[in-house]
Structures are given as structure tokens and as C-alpha cells.
Amino acid sequence: MNIQLTVNGTRHDLDVEARRTLADALRDDLGLTGTHLGCEHGVCGACTVLIDGGPVRACLMLAVQADGSSITTVEGMAGDDGSLHPLQEAFSTHHGLQCGFCTPGMLMSALDLLHREERPCRARIREELSGNICRCTGYAGIVDAVEAAAAEMAVETGPA
Ligand code: FES
Ligand code: FES
């Protein structure tokens with residue numbers, strides 16, 4: 001089937017089998033391997049991407065279901081000049097990653113949260129990231145990172 005996806009601002013026309021998952025289309029057809037596949041059945045959150053601004057498990061969605069959508073993957077977080085997003089900087093500074101396998105999904109979920117809430121408390125951050133599993137680094141550094149990034153982004157945005 002012919003579909004059209006806009007990924008990180010770039011439009012792509014793809015010819016995919018109806019059974020192809022969005023995760024496979026992103027990784028194998030578009031070469032965007034930053035979207036990771038862990039469980040492949042909706043449990044770990046590693047494959048989380050934003051579709052039309054909302055978080056979706058790319059392993060559970062068929063590429064054809066995303067036809068016409070605007071998708072953000074972890075590759076779309078950095079600036080055009082290569083500068084890291086405040087969340088990416090904060091994950092590095094606050095030891096929010098070890099092996100990094102869960103990190104793209106964590107970043108996508110955290111980005112969604114910070115789009116909706118400017119300064120979420122630690123409990124809210126934990127709640128919002130509860131669908132993302134990290135097997136190695138522990139969650140304290142991840143929560144620290146999201147909290148720090150929220151503060152940084154609030155400063156950048158300034159008072160309303
Ligand atoms: Fe999609 Fe685990 S790979 S939720
Ligand atoms: Fe290794 Fe989270 S940093 S799974």
C-alpha cells in the first residue's frame with residue numbers, strides 16, 4: 001500500500017505491506033533506528049514515538065494506520081545545528097541513561113509530558129514514565145533529568 005508519512009518534518013512516500021509495523025517502517029524503510037524495539041508487544045515503551053503530538057507504541061501500530069500523520073522520533077529532537085534538546089542534555093548530565101536502550105522511548109514520553117505540563121512534580125514524572133521500562137540505570141536519574149529539563153525549558157520560555 002502507498003502511504004505518506006511526515007517524519008521529523010520531512011515527507012516520505014512509502015510502499016509498505018499492510019502488515020508492516022510503524023516501527024519497522026521507521027527503522028528499516030527510513031533508516032531511523034533511534035526508535036528501538038524491545039518487547040515488540042506494547043510493554044516496554046522503547047519504541048515510543050509522537051504521532052500528531054501524542055505518544056504511540058510504534059510496535060503496536062501498523063504503518064498504514066499512520067498514513068498522513070506527522071511523526072516525531074528521537075532523531076527529530078536535536079536542533080538543526082546538532083545542538084541537543086534540553087531533555088537530551090539533562091539525561092546526560094543527570095545520569096539518566098546507562099546502556100541507552102530505553103532512552104529514545106523515555107525521551108519521547110518525557111517530551112510529550114513537557115509539551116503538556118510545564119513543571120510536573122516528581123510524582124507526575126514517575127506516573128507519566130511508568131509505561132517505559134529501564135532495565136539498567138534505575139529511575140532516579142531519569143526523573144532528575146526530566147525535572148531539570150523542565151526547569152531549563154521554563155527558563156528558556158520565560159514567564160507567560
Ligand atoms: Fe514497543 Fe516494547 S517494543 S512497547
Ligand atoms: Fe539501559 Fe535504560 S539505560 S535500559
Side-chain angles (χ1 to χ4, degrees), residues 1 3 5-8 12 14 16-78 82-116 120-153:
M1 300 178 71
I3 62 171
L5 305 177
T6 300
V7 185
N8 303 327
H12 300 273
L14 295 176
V16 294
E17 289 186 41
R19 65 180 178 176
R20 193 157 188 74
T21 67
L22 176 60
D24 286 343
L26 290 171
R27 289 175 54 83
D28 299 333
D29 296 333
L30 299 181
L32 296 171
T33 54
T35 298
H36 290 168
L37 280 169
C39 66
E40 297 193 62
H41 61 269
V43 174
C44 74
C47 65
T48 304
V49 297
L50 303 186
I51 299 191
D52 295 331
V56 169
R57 310 284 211 212
C59 71
L60 292 184
M61 187 175 211
L62 297 171
V64 293
Q65 292 176 293
D67 184 23
S69 299
S70 181
I71 301 169
T72 303
T73 70
V74 70
E75 289 91 346
M77 288 188 77
S83 58
L84 295 180
H85 186 279
L87 270 168
Q88 293 172 305
E89 290 278 11
F91 267 64
S92 173
T93 303
H94 294 273
H95 308 291
L97 71 157
Q98 191 170 328
C99 78
F101 193 86
C102 69
T103 310
M106 289 284 184
L107 287 168
M108 286 293 109
S109 294
L111 185 62
D112 167 59
L113 171 62
L114 297 188
H115 282 163
R116 290 181 286 110
C121 67
R122 292 180 72 84
R124 279 290 296 141
I125 295 169
R126 286 186 179 280
E127 181 181 20
E128 288 286 320
L129 296 184
S130 62
N132 292 76
I133 295 172
C134 176
R135 68 184 174 185
C136 57
T137 203
Y139 298 93
I142 293 170
V143 175
D144 289 347
V146 177
E147 195 174 36
E152 172 75 19
M153 291 165 70

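One-based numbering, in listed order, for ligands and for the atoms of each.
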Engineer: Can you tell me, to 10 degrees, how wide the angle at atom 2 (Fe) of ligand 2 is between SG on Cys102 and SG on Cys134?
Structural biologist: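 It is 100°, given to the nearest 10°.
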
Engineer: Give the atoms of ligand 1, by number and element, whose distance to some non-hydrogen atom of Gly42 is under 4.0 Å.
Structural biologist: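 Near Gly42, meaning under 4.0 Å from one of its heavy atoms, ligand 1 has 4 (S).
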
Engineer: With atoms numbered from 1 as shown, which atoms in ligand 1 lie under 4.0 angstrom from a non-hydrogen atom of Cys39?
Structural biologist: 2 (Fe), 3 (S), 4 (S)

Engineer: Which atoms from ligand 1 have a heavy atom of Val43 less than 4.0 Å away?
Structural biologist: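 Checking each atom against Val43, I get 4 (S).
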
Engineer: Show me which atoms of ligand 1 lie under 4.0 Å from any heavy atom of Glu40.
Structural biologist: 2 (Fe), 3 (S)

Engineer: Considering the heavy atoms of Arg135, write down every atom of ligand 2 situated less than 4.0 Å from one of them.
Structural biologist: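 In order of number, 4 (S).
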
Engineer: Identify the two heavy atoms, one from Phe91 and one from Thr103, that lie closest to each other, and give their separation to 0.1 Å.
Structural biologist: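 For Phe91 and Thr103, the tightest heavy-atom pair comes out as CD2-CG2, 4.0 Å.
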
Engineer: Within 45 degrees of the axis of the six-membered ring of Phe101 and under 6.0 Å from its centre: does Arg135 put its NZ or CZ there?
Structural biologist: yes

Engineer: At less than 4.0 angstrom from any non-hydrogen atom of Gly100, what atoms of ligand 2 do you find?
Structural biologist: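 Listed by number with element: 1 (Fe), 3 (S).
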
Engineer: Using the rule side chain to side chain contact (heavy atoms under 4.5 Å, CB included), only one of Leu37, Val16, Thr35 pairs with Asp24; which is it?
Structural biologist: Leu37

Engineer: Look up atom OG1 in Thr73 and atom CG in Leu32, then write down how far apart they are to the nearest 0.5 Å.
Structural biologist: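 It is 5.0 Å, given to the nearest 0.5 Å.
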
Engineer: May I ask you to identify the nearest protein heavy atom to atom 3 (S) of ligand 2, giving residue, atom name and distance to one decimal place in Å?
Structural biologist: Gln98 N, 3.2 Å

Engineer: Let me confirm one number: the CD1-CG distance from Ile51 to Asp112, rounded to the nearest 0.5 Å.
Structural biologist: 12.0 Å

Engineer: Please identify which atoms of ligand 1 are closer than 4.0 Å to at least one heavy atom of Cys47.
Structural biologist: 1 (Fe), 3 (S), 4 (S)

Engineer: Rounded to the nearest 0.5 Å, what separates atom CZ in Arg27 from atom CG in Leu22?
Structural biologist: 12.0 Å

Engineer: So, Cys44 and atom 2 (Fe) of ligand 1: N/O/S under 2.8 Å, yes or no?
Structural biologist: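 For Cys44, the answer is yes, given that an N, O or S atom comes within less than 2.8 Å of atom 2 (Fe) of ligand 1.
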
Engineer: About how large, to 10 degrees, is the angle SG of Cys99, then atom 1 (Fe) of ligand 2, then SG of Cys136?
Structural biologist: 110°

Engineer: Please report the C-alpha distance between Met108 and Met77 in whole Å, then the side-chain angles of each, then the deciding distance to 0.1 Å, and finally whether the side-chain contact (heavy atoms from CB on, under 4.5 Å) criterion is met.
Structural biologist: CA-CA 9 Å; Met108 286 293 109; Met77 288 188 77; 3.6 Å; yes

Engineer: Could you pull out the closest heavy-atom pair between Ala150 and Pro120, with the gap in Å?
Structural biologist: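 In this case the closest contact between Ala150 and Pro120 is CB-CD, 4.2 Å.
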
Engineer: Please identify which atoms of ligand 1 are closer than 4.0 Å to at least one heavy atom of Gly38.
Structural biologist: 3 (S)

